[in-house]
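Report on the structure given below.
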There are 2 protein chains.
Amino acid sequence: MPPTKVKSADPAATPKRQHKADAKAAAHPHAKPRPLTRIQREKQDVILEAALEVFSVHGFRGATIDQIAEVAGMSKPNLLYYFPRKEEIHRRLMAALLETWLAPLQSMDADGDPFPEIRSYIRRKLEMARDFPRESRLFANEMLQGAPRIIEMIEVDLKNLVDEKAKVLLTWMDQGKLARTDPYHLIFSIWATTQHYADFDVQVRAVLGSGRNGEGRFEDAARYLEQLFLYGLTPRPKA
Amino acid sequence: MPPTKVKSADPAATPKRQHKADAKAAAHPHAKPRPLTRIQREKQDVILEAALEVFSVHGFRGATIDQIAEVAGMSKPNLLYYFPRKEEIHRRLMAALLETWLAPLQSMDADGDPFPEIRSYIRRKLEMARDFPRESRLFANEMLQGAPRIIEMIEVDLKNLVDEKAKVLLTWMDQGKLARTDPYHLIFSIWATTQHYADFDVQVRAVLGSGRNGEGRFEDAARYLEQLFLYGLTPRPKA
DNA sequence: GGAAATTTTGACCAGTTGGAAAAATGTTAG
DNA sequence: CTAACATTTTTCCAACTGGTCAAAATTTCC
């Protein structure tokens, strides 16, 4: 082994002091974990908000605790008092995100008719791209990196949900209410087209220019996408 | 001004030694910049390849020179000999990327018919997502960060190209060969749906599962997208 | 009001990071 | 073969990084 560069392979081996709250909880596993104080709740929210801002732009590695602390308006050690590890902040963010992210697809109703359902799914996803662009970028950032921190959730929860909805789409196709096509790629295309307006926002703005165009881009996108998917997925008599 | 944290506001103020080649070039601005040696060309390629690997996953801030050097199989100072700054590596990568990236749209031919042209544009973009996923991710990473290092190129070259092709699409629509719709969002939707297969590859794989499904995903995507855009953009008699 | 608990601060630390300097080693054209 | 040049290695550095710790300041609860 070359003595020059030894990258500590086992970070968990480092003996690290426990966070106060953690230490206490560990001491009495059955004791109620003492409900969070007002300040704790507030500060944690401020920190998570700041972390969203920073992580969504620079990704996990590119973001620094100092940066997050600055955005959150507190000192680094103070921030570390609430979240003893950088990873912990990111984990919390991702956990909350996943739920929000799956909700719109979840509410696609098998008992409804395909076009209203698909249209309102597109609408909701587009609204999320408009109203929560940072969340979208945080998610995209994690994906680009290979989703190291949420891969299980993707493989289990997300996969199950998509499998379920793919079945719904197939049923609609069998009933002749929807053009026969690949339901998985159909879902992918809705994700892609809607999230594009959050993740590639700079590009969209730059191309549309800052004139009248750029302003109404979400409405225009909604109109365009509805037309594309409505016409694109209307069943046709076989050639 | 709080004396606590002063982040050096002017990094350019730091007196930095010039790279040998640069220094020479600066000394004799008219002298031929001495053609690159074989080794220089080879090593630069190796470095750019390694940098693509690393930057495309971690973004500019998240990537380290050490990492790139390791992937490139050389020491950090040795790498720095070829590219004296981290930013320079990234710049070179982005410059090369932009060209490659615009090519498929450029070749959309106004004299052709809309559906063959659009179909082959989709095909080419999908092939790029399959064959150059790292390039796609590098681009996506830059976008997520607000494209700080390529914003002018986006605002000028890309915008001009898209404006031009949007006109082509409008012409086709006027001729009744293509459904009347927003040409800009049409282009966005092609970008989004095709690049999705590179940028969100983990997710796509996870959802499709590793079975037969995952393998043929690019062919399936091609079929699905062709259908979506063909049907979705076929002109209709007005309601 | 005061003891106990919580929150904040400031000083500190070891490892990493981008980069500099110079010496040592290769390569190549004459 | 050798001088001039190109390349690589070794050593080093200051700034930044994630994180620790004890003490000080503040809040909470009786």
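Going from atom CD of E87(B) over to atom P of dT17(C) covers 17 Å, rounded to whole Å. Distance I68(B) CD1 to dG19(C) P: 11 Å, rounded to the nearest Å. The interatomic distance linking F60(A) (CZ) with dG18(D) (C1') rounds to 10 Å, in whole Å. Counting to the nearest Å, the C1' atom of dG19(C) and the OH atom of Y82(B) are 17 Å from each other. In this structure, L80(B) atom CG and dT11(D) atom P are separated by 18 Å, rounded to whole Å. Between the P atom of dT6(C) and the CZ atom of R41(A) lies a distance of 14 Å, rounded to the nearest Å.
Residue R85(B) places no side-chain N or O under 4.0 Å from the OP1 or OP2 atom of dT17(C). A sub-4.0 Å separation between OP1 or OP2 of dT7(D) and a side-chain N or O of Y81(B) is present. For dG18(D), neither phosphate oxygen OP1 nor OP2 lies less than 4.0 angstrom from any side-chain nitrogen or oxygen of R61(A). Under 4.0 angstrom from either OP1 or OP2 of dT8(D) there lies no side-chain N or O belonging to S75(B). Side-chain N/O atoms of K43(B) include one lying less than 4.0 angstrom from OP1 or OP2 on dT8(D). Taking 4.0 angstrom as the limit, N78(A) places a side-chain polar atom (N or O) nearer than this to OP1 or OP2 of dT9(C).
Using the six-membered ring where Trp is involved, W101(B) and F139(B) have ring planes that are tilted, between 30° and 60° apart.
Judged by distance alone with a 3.5 Å cut-off, a donor-acceptor contact links the side chain of K76(A) to the base of dG18(D).
A63(B) comes within contact range of the sugar-phosphate backbone alone, with a heavy-atom separation under 4.0 Å but no base atom that close.
Of the candidates dT7(C), dG18(D), dT11(D), the closest approach to any side-chain atom of K86(A) belongs to dG18(D). Among dG19(D), dT17(C), dT17(D), the nucleotide with an atom closest to any side-chain atom of T64(B) is dT17(C). The side chain of D66(A) approaches dT17(D) more closely than any other nucleotide in the set dG19(C), dT17(D), dT8(C).
Partner K43(B) forms a side-chain contact (heavy atoms from CB on, under 4.5 Å) with one of F83(B), Y82(B), Y81(B) and no other, that one being Y82(B).
In terms of position along DNA chain C, the nucleotide closest to L79(A) lies nearer the 5' end than the nucleotide closest to the other residue of the pair I65(B) and L79(A).
The six-membered or imidazole ring of H185(B) lies near that of Y197(A), with a centre-to-centre distance under 6.0 Å.
The shortest distance between side-chain heavy atoms of H196(B) and T193(A) does not fall below 4.5 Å.
Comment: E88(A) engages R91(A) in a salt bridge, judged by a side-chain N to carboxylate O separation of less than 4.0 angstrom.
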